[in-house]
Each structure stands twice: as C-alpha cells, then as structure tokens.
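Reading through the structure tokens given below for one structure.
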Amino acid sequence: MTHPAQPKASHFINGEYIEDTAGTPIPVIYAATGEQIATVHAATPAIVEQALSTAKAAQKAWARMTGTERGRILRRAADIMRERNHDLSVLETYDTGKPLQETLVADATSGADALEYFGGLAASLTGEHIPLGEDWVYTKREALGLCVGIGAWNYPTQIACWKGAPALACGNAMVFKPSETTPLCALKVAEILIEAGAPAGVFNVVQGMGEVGGALVTDPRVDKVSLTGSVPTGKKVYAAAAEGMKHVTMELGGKSPLIIFDDADIDNAVGGAINGNFYSSGQVCSNGTRVFVQKGIKEKFLARLAERTGNAILGDPMDEATSFGPMVTENQMNIVLGYIQKGKEEGARLICGGKRADMDGYFIEPTVFADVTDDMTIAREEIFGPVMSVLDFDTEEEVVARANDTEFGLSAGVFTKDFTRAHRVIGNLEAGSCFINSYNDAPVEAPFGGVKASGVGRENSKEAIKHFSQVKSVYVRMGDVEAAF
Ligand code: NDP
C-alpha cells in the first residue's frame with residue numbers, strides 16, 4: 001500500500017512512532033483482494049512497559065491542565081480529522097475492507113464527533129457543594145488515572161475515539177490496543193492528537209494479540225479497562241480486571257431483536273432491517289439480527305426485502321458506488337459461511353444470498369433466512385456477518401417474551417405506527433440501546449451499551465464521563481472537633 005495516511009511504524013508511544021521488529025510480525029491483509037498491504041509487529045514486553053510507564057508519567061500533568069485547555073486540544077483534533085476525512089477513510093477501508101461509501105461518513109467523522117463532543121464537555125466537569133449547617137462537603141470529579149482501551153476490528157477509528165476522547169477529556173491517559181486484524185487506524189488517531197497539541201504520552205497505541213491485551217489489563221498501574229469485543233473475551237478481561245479492582249467498561253456482542261408489527265410502514269421497516277443487518281457487511285455489534293415480523297405482513301415484507309437486497313452493489317470497496325464490502329478476514333468469512341450452512345441444515349428457508357460471492361476477496365452475499373425458529377443456531381448465536389434471520393409472531397406479549405429470551409441485551413428496535421405500543425414494547429425489552437421506527441443510529445450524544453451479557457457501562461454521551469472519572473468528597477469542618485476522649 002502506498003498511501004499518504006499510512007502509519008510509519010507499529011506503535012505510537014510518548015508522541016512518536018516506535019518500531020520493535022523483535023515482536024511477532026502481524027500481516028495486514030486487505031479483505032477485498034486478500035493481498036498483504038502492511039506488516040506491524042506485536043508489542044514486546046519492553047514496548048508494553050514503555051507505553052504504560054510513559055502514560056503513567058504523562059497523566060498527572062494532563063489532569064492538572066484546565067478542562068478548557070484539554071477540550072481545546074480534543075476539538076482541534078476533531079477538526080484535523082474532518083479535514084483529512086478522505087485519506088483517513090481510505091485507510092479505514094484498507095484496514096477493514098468496508099466500502100468507502102460507508103467509511104467516508106461513518107468512521108473518521110464519528111471519531112471526530114466524539115473528540116468534539118467530549119472536548120466540549122471537558123470544561124464542565126465540576127463537583128457539587130453540599131451545605132451542612134456551618135460545615136459543608138464539596139465534591140470533585142477526578143480522573144481515574146491510567147486507562148487501557150482494547151478494540152474490536154469493525155470500527156478501528158471510531159472505537160479508538162469513543163474510548164480515547166472521554167478518557168482524555170476527564171484527564172486520564174490511555175494505552176490503546178487495536179485488534180490485530182485492523183492495526184492501522186488507531187495510530188492515526190494518536191498522531192492527530194499530538195498534532196492538535198496533546199502532550200506526549202497521554203494517548204499511546206501498541207499492537208498485539210490477546211496476550212498483549214492481557215499484559216495491559218493485569219498491570220497494577222492500570223486503573224480502568226474499556227473493551228470492545230466478544231462476550232467470551234469480555235468475561236476473561238472483566239475477571240482479570242476484577243483481580244486488580246479496576247474499573248471496567250465492556251462493550252460486547254449481541255443478538256438483538258428488531259420487531260415489525262403489521263401496521264408498520266413496510267419500506268421503512270425493510271430499510272431498518274437492511275441497516276440493522278447489512279451495514280459493514282453485518283459486522284456491527286448492535287445489529288438487529290432476529291427480525292420478528294408479525295404474520296399479517298410477513299410475505300409482503302420478505303418480497304420487498306429480497307427485492308431491495310438484490311440492489312446491493314458488491315465490488316471494489318474503493319469505488320464509491322460499492323455499497324457492500326467483504327468480511328474483514330478469511331477466517332471471519334468461513335465462520336459466517338459455517339452459520340449459513342447450519343441455517344440451511346436446521347431447516348430455515350433461504351430467501352436470498354446464502355453463499356460466498358463469486359469474486360476476489362472475502363465477500364459473502366447478503367443473506368436472508370425466513371421461517372427461522374427460536375431454537376435454531378442462527379437465531380441464538382451472534383454471527384457477525386450479513387445473515388438476517390426472519391421469525392414470525394402473532395402477539396405483542398409473545399414477541400416480547402421471545403425477544404428477551406437470550407443471554408444478550410445490547411440493542412432492540414420496533415417498527416409500528418402505534419406509538420403507545422412502541423413505547424410499551426421498548427419499555428419491556430431487555431436492551432441498552434433501543435430504536436423506534438429506526439435502527440442502528442449511534443450519535444455521540446446518546447448513551448451506547450448493553451445489558452445482560454452484552455456489557456457493563458456506557459460509551460458516548462454524558463454517561464461516558466461517569467465511567468472515566470470518579471468523585472472525591474471532602475468534608476470541611478468550620479468549628480472545633482468533638483471527641484469522646
Ligand atoms: P474479540 O473479543 O476476539 O477481541 C476483542 C479485542 O480483545 C481484540 O483486540 C483482542 O485482541 C483482544 N483480546 C482477546 N483476548 C484478550 C485477553 N485475554 N485479554 C485482553 N485482550 C484480549 O472480538 P473481535 O475483535 O472478534 O470483535 C468482534 C466482537 O466484538 C463481536 O462479538 C462484537 O459483537 C463485539 N463488538 C461489540 C461492540 C459494542 O460496542 N458492543 C462494537 C463492535 C464489536 P486480538 O483480536 O488482536 O487477539
């Protein structure tokens with residue numbers, strides 16, 4: 001790859017790129033062609049140590065700056081990201097395989113939104129004054145200290161910013177480890193923060209597999225771990241963090257319900273189902289992959305869905321006309337193809353797609369199964385690929401019970417013209433991020449995160465501030481101290 005935005009080395013520590021070729025080489029593969037476009041090296045113990053000690057040393061001075069000063073830097077970084085959106089989007093497409101049509105509007109732009117939003121909040125992080133007669137208590141909202149961010153591979157720029165921006169706004173320092181599958185984009189976030197004026201060491205990036213993540217999570221200097229990943233990894237990381245009594249945010253997987261009632265506008269509901277299953281080729285944690293359709297409109301819904309899904313344009317992700325890209329890796333493609341096979345074997349009715357696309361790269365056709373039942377594997381497990389399961393239902397009570405019958409609880413959506421019912425159904429669904437007559441909108445102003453096995457804590461919005469800061473309370477006595485002896 002020869003691209004102006006290509007990072008210069010594997011790691012970014014203390015304000016500069018650093019290489020250590022003693023680390024295990026990690027090939028970076030462009031999913032649309034299968035070609036190797038770069039190599040990074042996993043962090044050696046020396047690199048991990050350098051990143052942690054640098055961040056630890058930089059944090060105190062960063063926290064002592066005023067919120068206005070920190071916020072200004074984050075907002076400047078947001079401006080730089082927006083100015084370079086095109087180059088950063090091309091890099092994101094190389095890293096993930098997602099089509100440029102998407103990356104131009106969803107990745108560096110949403111990262112910039114997070115930097116701008118939390119930059120704007122930084123100056124308003126205040127405590128309270130609590131009067132107690134002559135005495136009083138005051139509270140201070142303080143940084144946690146040294147935070148570790150660990151990312152999944154579907155939104156490498158966005159995840160780095162969704163974790164880095166609130167962490168830095170609160171006065172923390174961060175060491176971020178991207179997924180080994182998509183190591184490039186977070187390095188650019190680190191580079192841009194320095195350019196915007198962030199002190200060296202407050203945001204560092206190290207590469208590596210799970211063992212590097214593990215070394216970061218267990219280090220006693222680390223105060224907080226924020227992970228975006230699968231439920232099994234989340235359980236391991238949560239347990240390791242608990243050993244050290246560290247704060248956590250866990251943004252994990254889902255198998256979210258999207259419920260479509262008979263009275264819904266069919267085209268809007270089909271649009272919601274497409275956005276909630278096929279954006280980023282289905283590699284989105286909050287996807288509404290269990291689409292419950294009330295029996296009265298089922299066949300009409302399926303016909304319109306098949307027709308519109310047929311309009312997906314698979315092809316060169318760098319061509320802005322392409323609307324559907326490949327799976328991130330060959331391995332992920334094979335996992336998803338395995339689920340499709342299971343769907344066929346377990347008796348689901350294939351409406352469209354159902355196989356690898358006949359072209360280079362790791363493309364799978366957007367796939368819809370109908371007549372899916374609650375016990376089928378494709379209705380129970382997170383697939384993380386373009387596989388939509390359509391299930392039938394009769395009544396509201398029934399669909400709510402079935403929708404909640406899962407270990408996950410990330411998202412949920414409902415399409416209906418009856419607003420009383422919409423709010424009642426959402427009120428009864430066990431999910432953290434919900435949608436009415438829409439699906440998968442994730443503005444930085446809104447809290448994002450799951451319940452049950454889908455996670456702990458919230459990203460974005462003012463909620464994220466609570467997860468990257470803690471309250472100190474100070475009792476102030478004006479008079480004498482009374483003591484028993
Ligand atoms: P993984 O759980 O496999 O990995 C997530 C990250 O954790 C990676 O950087 C991984 O490193 C690292 N890791 C793995 N093991 C450990 C360990 N023991 N200690 C510390 N770090 C570790 O997830 P994927 O990358 O495969 O991403 C897909 C998953 O992410 C899906 O389940 C999806 O639902 C979820 N996700 C959740 C989102 C949310 O906000 N709720 C958003 C996006 C995705 P490496 O992979 O390099 O080995």
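Because the structure is predicted, anything quoted here is derived from the model rather than measured. As the structure lists them, so they are numbered: ligands from 1, and atoms in each ligand from 1.
Residues V372 and A379 approach most closely at CG1-CB, 3.7 Å, considering heavy atoms.
Ligand 1 lies under 4.0 Å from heavy atoms of I150, G151, A152, W153, N154, K177, P178, S179, E180, G208, M209, G210, G213, G214, L227, T228, G229, S230, T233, V237, E251, L252, G253, C285, E382, F384, L410, F448.
Every residue two or more places apart in sequence or in another chain that forms a salt bridge (charged side-chain N to carboxylate O under 4.0 Å, His left out) with R221 is listed here: E49, D219. Under the salt bridge (charged side-chain N to carboxylate O under 4.0 Å, His left out) criterion, K466 pairs with E463, sequence neighbours left out.
Between F203 and F176, the ring planes lie parallel to each other; the angle is under 30°, not in the 30° to 60° tilted range.
Geometrically, K462 does not engage Y117 in a cation-pi contact, judged by NZ or CZ lying under 6.0 Å from the ring centre and within 45° of the ring axis.
Pairs passing the salt bridge (Lys or Arg N to Asp or Glu O under 4.0 Å) check and including a residue from residues 231-244, sequence neighbours excluded, do not occur.
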